[in-house]
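Every heavy atom of this structure was used, including side-chain atoms; hydrogens, water molecules and symmetry mates were not.
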Amino acid sequence: MRWLALYARSRQVPASLAAVMISMVTVWALARDGGGGPGDPRMPALGLAVGAMAFSTGLSGQDLALDRTAAIRWAPRRAVHVLLAGAVVAVVLLAVQATGKDLTTAAFVVRDSAGLIGLAAVGATVCGGQYAWTPPFAWLSFSFFAPPPTSVPTQVASWMMLPPGTAAGTWTALVLTIAGTTAYAVAGPRR
């Protein structure tokens with residue numbers, strides 16, 4: 001498994017995992033101290049977005065030219081990297097949530113984690129690994145200050161704050177996950 005260790009180091013996985021752990025514990029502490037009510041989705045969405053942003057910095061390697069000339073198939077590795085990053089972000093929040101205050105449902109965590117990591121993959125494809133965090137950050141910022149979602153377009157725009165089971169939120173997250181993972185797996189990070 002030497003190649004796996006080298007891949008993880010080149011993609012800054014240990015540092016990203018540490019950032020995810022710290023952000024989730026911080027969100028848990030803020031929520032425990034009264035940040036948001038029992039049904040408030042802002043704290044869990046913030047934690048998931050920070051987790052996706054932490055993993056997004058590793059979506060490009062140290063040397064893009066070397067990645068492009070390597071004699072291995074990158075597409076499956078890139079897709080697995082994105083999907084595992086989303087799974088890790090979701091599992092960490094659910095594990096932190098299991099130790100104390102119930103922040104949100106598992107369906108909310110899975111939906112938002114998948115959509116946000118797909119959005120980060122779109123960011124890596126369009127903006128490069130250095131700036132892959134900007135689409136999740138921008139969409140989260142908009143969702144925090146958006147007007148209440150009354151129509152389908154506003155529900156799509158604020159999908160990460162909608163309750164689980166909302167069709168617009170679920171479909172938006174699914175489209176972002178599939179589009180982001182596919183684009184990143186096929187095209188890779190921007191130079």
Task: Side chain proximity check, Y184 to P189, heavy atoms < 4.5 angstrom - done: yes
TODO: Identify, with sequence neighbours excluded, every residue that meets side-chain hydrogen bond (donor to acceptor under 3.5 Å, both in side chains) alongside T150.
DONE: none
Open item on the list: With rounding to the nearest 0.5 angstrom, report the CE to OG1 distance, M43 to T26.
Closed with: 10.0 Å
Open item on the list: So, taking the atom named CZ in R111 and the one named OG1 in T177, what distance separates them when rounded to the nearest 0.5 Å?
Closed with: 11.0 Å
Task: Spacing of OG belonging to S158 relative to CG belonging to L140, to within rounding of 0.5 Å - done: 11.5 Å
Task: Cluster companions of V110 among Ile, Leu, Val, Met, Phe, Trp, Tyr (side-chain spacing under 4.5 Å) - done: none
- [ ] State the OG-CH2 distance between S143 and W159, to the nearest 0.5 angstrom.
- [x] 8.0 Å
- [ ] Mind checking the CZ-CG spacing from F55 to L116? Nearest 0.5 Å is all I need.
- [x] 13.5 Å
TODO: Kindly write out the residues that satisfy side chain to side chain contact (heavy atoms under 4.5 Å, CB included) with A179, not counting sequence neighbours, or none if the list is empty.
DONE: none
TODO: Give, for atom CG of L119 and atom CG of D112, the distance between the pair rounded to the nearest 0.5 Å.
DONE: 11.0 Å
- [ ] Would you indicate whether the side-chain heavy atoms of T57 and S16 approach each other to under 4.5 Å?
- [x] yes
TODO: Find out whether V122 and P135 are in side-chain contact, i.e. whether some heavy atom of one side chain is under 4.5 Å from a heavy atom of the other.
DONE: no
Open item on the list: With a 4.5 Å cut-off on side-chain heavy atoms, are W139 and L176 touching?
Closed with: yes
Task: Among V20, T104, V89, side chain to side chain contact (heavy atoms under 4.5 Å, CB included) partner for L48 - done: V89
